[in-house]
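Sharing a structure, written as structure tokens. Questions coming.
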Amino acid sequence: MIKVPNNKMDKIINLCKRRGFIFPGSEIYGGLANSWDYGPLGVELKNNIKNEWWKIFVQQRTDVVGLDAALIMNPKVWEASGHTGKGFADPLTECKECHKRFRADQINTSESCPNCGAKESFTEPKMFNILMETHLGSVEGEKSLAYLRGETAQSMFVDFKLVADTMRKKLPFGIAQIGKSFRNEITPGNFIFRTREFEQMEIEYFVKESDWEDYFHMWQDQMISWLTHLGVNLKNVHFEEISEEKRAHYSSRTIDIEYDFPFGQSELYGLAYRGDFDLKTHMEHSGKDLSYTDPDSGQKIIPHVIEPSFGVDRSLLVALLEAYHEEDAPTADKDEAAQRIVLKFPKWSAPIKVAVLPLSKKEELTEVAKSLYEKLTKQFACEYDETQSIGRRYRRQDEIGTPYCVTIDFDSLTDKAVTVRDRDTMKQERVAINKLENYLAEKLIA
Ligand code: ATP
């Protein structure tokens with residue numbers, strides 16, 4: 001029986017710290033509010049998500065190519081895109097009693113303060129630009145203002161022509177990028193959901209204007225497939241059509257893909273039709289021609305853009321939320337708890353694929369186990385663990401989502417076979433050592 005804990009976020013934050021997924025940033029200096037460090041297992045999980053996304057959306061497609069552009073761009077880029085002005089500002093309001101700040105669009109300012117309960121205590125909302133500033137140059141007084149990018153998207157517009165020409169791409173085609181973005185968020189919080197430094201996986205898909213609706217649907221379907229692949233139950237996902245008043249002025253259709261987080265329904269991903277705004281504005285501001293010549297008609301056109309946008313950290317958070325299970329797991333082993341916490345990640349995303357566990361620390365067993373570990377670790381992310389009872393070791397692997405545990409026991413020395421335990425079914429199977437690599441490869445690819 002699966003029990004869903006009521007304070008699931010706290011349990012996940014706790015597990016992430018305890019098991020090396022995510023640590024509070026700068027902890028020994030008292031931390032830095034809302035900054036998080038991905039630990040050894042967190043970085044594996046995050047890399048698996050980014051690599052899988054790249055494989056699916058770039059490498060396995062003939063119509064999308066990748067980019068890894070500079071994080072700090074000419075500040076003129078952000079002026080042209082509207083990010084230095086009102087386009088990248090959130091309405092900030094402050095409670096006059098407790099001085100806590102809120103995003104005016106996220107609370108009801110006619111109601112009492114969610115922090116201290118004071119009535120009618122909010123200041124008039126002021127627009128607050130969330131682009132993060134930095135300074136380039138080493139000589140004081142000669143430093144120039146620059147920005148840490150607020151989104152990965154702009155470099156894909158700025159480099160559009162270079163990519164199209166060098167890769168000889170014809171419409172429709174896309175440019176994809178994975179990388180860090182920075183925003184001076186007014187209300188960061190909810191663990192890794194909203195931070196000031198985060199990662200995005202974005203695609204700018206360039207189409208002829210007449211085709212935009214077809215490709216909008218295509219990307220919506222692709223995003224749904226990705227969510228299923230990530231292990232997300234679609235009953236927790238909502239497609240919110242953004243009304244005209246709330247959409248960016250250049251967009252004639254935007255969908256927010258929202259998820260039932262434990263703290264409420266909130267944005268996970270976005271899908272926007274951006275028209276020809278981006279290329280046009282960069283043409284105007286740079287004075288450079290970013291048009292595309294249609295090979296069929298010979299006509300020069302400005303391509304229109306569909307933008308599927310995925311947050312890496314929010315993907316990782318939903319992967320954890322969906323994978324987390326507490327289960328009754330009756331056992332004859334007195335060292336094995338009758339309840340288990342198990343992260344049922346899809347196998348491709350699990351940070352560790354195989355754990356190699358000698359039944360005891362006796363040298364004749366550890367020798368076999370270590371040589372097996374060395375062989376397997378060339379192919380799969382493996383962990384070697386020889387401390388405490390086998391029951392406890394199984395539970396430790398369940399808690400980090402390892403799909404297979406391989407146990408080497410005294411019979412292994414004579415029958416040249418090992419026991420393979422499946423994370424989800426907890427069933428055990430005897431497998432010949434010389435067939436183990438193929439066995440695991442088949443199971444892990446399935
Ligand atoms: P929100 O409404 O939550 O502020 P947004 O609409 O501003 O998000 P976009 O600009 O569309 O977000 O960014 C695309 C994606 O990047 C989001 O769907 C989300 O997954 C991710 N993202 C945006 N801001 C943050 C943040 N501060 N921390 C973590 N991820 C973020």
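FYI, side chains are in, hydrogens and waters are out, and symmetry mates aren't considered; it's all heavy atoms of this structure. When a ligand or atom number is given, it counts from 1 through the structure's own listing order. Note that the structure is predicted; figures quoted are calculated from it, not measured. When a residue number appears, it is its place in the shown sequence, counting from 1.
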> Which ligand 1 atoms are under 4.0 Å away from a heavy-atom of Ser309?
Replying inline: 14 (C), 15 (C)

>> Just to be sure I read this right, does ligand 1 sit under 4.0 Å from the backbone of Asp256, its side chain, both, or neither, counting only heavy atoms?
In response: neither

>> Quick check on contacts: which atoms of ligand 1 are under 4.0 angstrom from a heavy atom of Tyr269?
In response: 18 (O)

> Numbering the atoms of ligand 1 from 1, which are under 4.0 Å from a heavy atom of Glu185?
Replying inline: 24 (N), 26 (C), 27 (N)

>> Less than 4.0 angstrom from a charged side-chain N to a carboxylate O is my criterion; do Asp289 and Lys300 meet it?
In response: yes

> Backbone or side chain, does any N or O of Phe198 fall under 3.5 Å from an N or O of ligand 1?
Replying inline: no

> Under the 3.5 angstrom rule, does the side chain of Arg423 hit a backbone N or O of Thr402 as a donor-acceptor pair?
Replying inline: no

>> Check this for me - ligand 1, Arg314, N or O atoms closer than 3.5 angstrom, yes or no?
In response: yes

> In the protein, what heavy atom is nearest to atom 29 (C) of ligand 1, and what distance, to one decimal place, separates them?
Replying inline: Phe193 O, 3.1 Å

>> For Glu94, run the salt bridge (Lys or Arg N to Asp or Glu O under 4.0 Å) check against Arg101, Lys100, Lys126 and tell me which one passes.
In response: Arg101

> What do you reckon, does Arg103 put a non-hydrogen atom under 4.0 Å from ligand 1?
Replying inline: yes

>> Can you give me the closest heavy-atom contact between Ala176 and Ile203, atom names plus distance?
In response: CB-CG1, 3.9 Å

> In ligand 1, which numbered atoms sit nearer than 4.0 Å to a non-hydrogen atom of Gly311?
Replying inline: 20 (O), 21 (C)

>> Less than 3.5 Å apart, any donor N or O on the side chain of Tyr259 or Glu322 sitting next to an acceptor on the other?
In response: yes

>> Looking at Arg340 and Glu399, is any side-chain nitrogen of the basic one under 4.0 Å from a carboxylate oxygen of the acidic one?
In response: no

> How does Arg183 reach ligand 1, if at all, at less than 4.0 Å between non-hydrogen atoms: by side chain, backbone, both, or neither?
Replying inline: side chain

>> Could you check whether any side-chain heavy atom of Gln154 comes within less than 4.5 Å of a side-chain heavy atom of Arg149, counting everything from C-beta outward?
In response: no

>> I'd like to know if Lys17 and Glu27 make a salt bridge, using a cut-off of under 4.0 Å between side-chain N and carboxylate O.
In response: yes

> Is there a nitrogen or oxygen of Phe310 sitting under 3.5 Å from a nitrogen or oxygen of ligand 1?
Replying inline: no

Side chains of residues 209-225: which donor-acceptor partners sit under 3.5 Å, not counting sequence neighbours?
from, atom 1, to, atom 2, distance (Å)
His217, ND1, Glu213, O, 3.2
Gln222, OE1, Arg61, NH1, 3.2
Ser225, OG, Asp221, O, 3.1

> At under 4.0 Å between heavy atoms, which part of Gln200 makes contact with ligand 1: side chain, backbone, both or neither?
Replying inline: side chain

>> Do the side chains of Lys208 and Asp294 get close enough for a salt bridge, i.e. N-O under 4.0 angstrom?
In response: yes

> Among protein heavy atoms, which sits nearest to atom 20 (O) of ligand 1, and what does the distance come to when rounded to 0.1 Å?
Replying inline: Leu268 O, 2.6 Å

> Applying a strict 4.0 Å limit to heavy atoms, is Thr195 in contact with ligand 1?
Replying inline: yes

>> Please state which option from Glu307, Arg194, Glu258 has its nearest heavy atom closest to atom 1 (P) of ligand 1.
In response: Arg194

>> Between ligand 1 and Glu267, can you find any atom pair, the residue atom being a heavy atom, that is separated by under 4.0 Å?
In response: yes

> Counting both backbone and side chain atoms, is some N or O of Glu202 under 3.5 Å from an N or O of ligand 1?
Replying inline: no

